[in-house]
Amino acid sequence: MINNLKPIALLMAVALMLNACNKDSNKDPEEITDDSVRITEIQKKMGSEYKTSSKFIYDEKIRLSEVLENYWEENEATGDYYLKEENKYVFAWGADEKLQKVTYFKKLHNETQWEERGYFEVVYAGDLITQTSYNRAGTAQKEEQYDFTWNNAKVGKTTCTSSSNSTYEIIFSYDDNGNCTPITRSTIDVYDNYRYESNAKTTNTYDLSKQSIFAYMPLEYFLLFGGDNIGSFQSKNIITKTLREYNYTDSSIIPSEKKNEGKSTYTSTNAYTYDANNRVIEFTETYVDYSKYTDYEDPSQSYEKIEDPEVFFYKIIYNK
């Protein structure tokens, strides 16, 4: 994406970790009957307090008009958290009810003015088929282009090309229940005299008794920021577990030699609290990372490690 543009991190995290604890796994999920219900805020626990991480603002037609994203950092001397960085995405809609442009702004700690950092433009052919990102305002330098291939009203493939000659393709497969698993991504990046190749696979397990929380978010949001998780966003049911596997190699072209390679796995599980409308209002994410890196040029840099489990706490706020 745009240089220094961080995807809206909390929803990306949610895509990997949505989980439900429901005893009646044979019961059909309750369909959402009020299309005006939307997620308006995601809060993350920082120390002993919950801080706003993402805020979603809608217009009178329940379309996204702004997304605000906060990044907090701990003051090591006091243990308090301060707002290190703010990002803002402003959505512009056309008279045909289709999204036209999303402009990206950034504001750092102690700054008072927003700085425009880039924008997205989109193209429709019935469905949204192309999303292109550009960096800083005024330069109009193309960064990345995403092309979407649709099948039965869902994205089946995303192809990305970037200004750095990096290309990758994501394939989304859906089962008979309307859920996406697995998700596969292959990447080739050629730079100088090197060739980088990687393959990723994401496998989700679903609770068929619970409807996905992403029914409370607009599809355009996912197409702009979803990446590998677009398939998860379009799935019918809630994800109970996610396993992501990643492998890569870095080689020289002349001579053709493997320089390094690595692999990693990410596993996430969660616990949830629901309101009277059976909507998730709190969740706890627990995840574990494993990684292995082999350096053929300098074996002393090679390693293999399993990170200690990490636990994060979130709250979700709705407009009603």
Side-chain angles (χ1 to χ4, degrees), residues 1-3 5-8 11-12 14-15 32 35-40 54 56-69 87-105 116-163 166-174 178-180 183-185 212-236:
M1 288 199 174
I2 298 170
N3 286 341
L5 188 158
K6 298 179 182 178
I8 300 183
L11 261 293
M12 300 305 95
V14 175
I32 295 175
D35 291 337
S36 66
V37 178
R38 290 287 185 266
I39 292 174
T40 57
S54 297
F56 308 93
I57 301 171
Y58 303 89
D59 64 16
E60 68 281 358
K61 296 183 179 180
I62 319 298
R63 302 175 304 190
L64 270 176
S65 59
E66 289 187 14
V67 174
L68 303 174
E69 188 175 44
N87 291 336
K88 179 169 66 173
Y89 304 85
V90 179
F91 291 67
W93 298 84
D96 59 358
E97 302 293 325
K98 296 185 183 297
L99 182 64
Q100 293 182 326
K101 184 177 181 180
V102 180
T103 308
Y104 162 57
F105 301 85
E116 184 176 342
R117 303 299 292 269
Y119 59 94
F120 299 98
E121 288 184 343
V122 298
V123 175
Y124 286 82
D127 296 307
L128 194 158
I129 61 168
T130 301
Q131 176 245 109
T132 306
S133 61
Y134 298 85
N135 68 2
R136 293 177 181 273
T139 64
Q141 181 178 347
K142 182 178 178 179
E143 290 290 303
E144 291 183 334
Q145 177 173 313
Y146 290 83
D147 296 301
F148 304 106
T149 301
W150 293 76
N151 184 21
N152 294 326
K154 293 186 177 182
V155 175
K157 182 173 72 172
T158 300
T159 303
C160 174
T161 55
S162 74
S163 58
S166 175
T167 62
Y168 66 83
E169 184 176 84
I170 310 172
I171 304 296
F172 306 103
S173 301
Y174 300 87
N179 296 319
C180 184
I183 302 166
T184 59
R185 172 166 57 88
S212 172
I213 195 174
F214 299 117
Y216 299 104
M217 292 295 297
L219 177 61
E220 286 83 3
Y221 171 85
F222 306 139
L223 296 179
L224 289 173
F225 304 108
D228 288 24
N229 299 311
I230 288 175
S232 301
F233 289 139
Q234 292 191 106
S235 295
K236 180 179 180 180

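The analysis underlying the following values was restricted to heavy atoms, covering all of them including side chains, and did not include hydrogens, waters or symmetry mates.
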(message) Any non-hydrogen side-chain atom of Ile170 less than 4.5 Å from a side-chain atom of Val155?
(response)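 Heavy-atom side-chain distance check fails, nothing below 4.5 Å.
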(message) Using side-chain heavy atoms (C-beta onward) and a distance below 4.5 Å, is Ile39 in contact with Phe214?
(response)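 When only atoms from C-beta onward are counted, Phe214 and Ile39 do not touch, as no gap falls below 4.5 Å.
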Backbone N or O of [Y] within a donor-acceptor pair of the [X] side chain at under 3.5 Å?
| X | Y | value |
| --- | --- | --- |
| Asn179 | Lys236 | yes |
| Tyr124 | Leu99 | yes |
| Gln141 | Asn135 | no |
| Ser133 | Glu144 | yes |
| Lys154 | Gly178 | yes |
| Tyr119 | Thr132 | no |
| Trp150 | Ile129 | no |

(request) Anything under 30° is parallel, anything over 60° is perpendicular, the rest tilted; go ahead and classify Phe233 against Phe222. (result) parallel
(request) Hey, can you tell me if Phe225 and Phe120 have their rings parallel, tilted or perpendicular (30° and 60° cut-offs)? (result) perpendicular
Atom pair [atom1]/[atom2] of [X] and [Y] - distance to nearest 0.5 Å:
| X | Y | atom1 | atom2 | result |
| --- | --- | --- | --- | --- |
| Ile230 | Ile183 | CD1 | CD1 | 9.5 Å |
| Thr40 | Met217 | OG1 | CE | 9.5 Å |
| Leu68 | Lys88 | CG | NZ | 7.0 Å |
| Gln131 | Glu121 | CD | CD | 10.5 Å |
| Lys157 | Asn151 | NZ | CG | 11.5 Å |
| Glu116 | Phe105 | CD | CZ | 4.5 Å |

(message) Applying side chain to side chain contact (heavy atoms under 4.5 Å, CB included) to Asp127 and Phe148, what does each step give before you reach the verdict?
(response) CA-CA 9 Å; Asp127 296 307; Phe148 304 106; over 6 Å; no
(message) Test side chain to side chain contact (heavy atoms under 4.5 Å, CB included) on Leu224 and Leu128; report intermediate values, then the result.
(response) CA-CA 10 Å; Leu224 289 173; Leu128 194 158; 5.6 Å; no
Distance-minimising heavy-atom pair for [X] and [Y]:
| X | Y | result |
| --- | --- | --- |
| Pro218 | Leu64 | CG-CG, 3.9 Å |
| Ser54 | Glu69 | OG-CG, 4.2 Å |
| Cys180 | Tyr174 | CB-CE2, 3.5 Å |
| Thr158 | Tyr146 | CG2-CD2, 3.6 Å |

(request) Begin from the C-alpha positions of Lys61 and Trp93 and carry the test side chain to side chain contact (heavy atoms under 4.5 Å, CB included) through to its verdict. (result) CA-CA 11 Å; Lys61 296 183 179 180; Trp93 298 84; over 6 Å; no
(request) Compute the centroid of each ring, for Tyr221 and then for Tyr89, and state whether the two points are separated by less than 6.0 Å. (result)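 No, the ring centres sit 6.0 Å or more apart.
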(message) If you count heavy atoms of other groups shown closer than 6.0 angstrom to CG of Asp96, is the number above 12?
(response) yes
(message) Between the side chains of Glu220 and Arg63, is the shortest nitrogen-to-carboxylate-oxygen separation below 4.0 Å, so that they form an ion pair?
(response) no
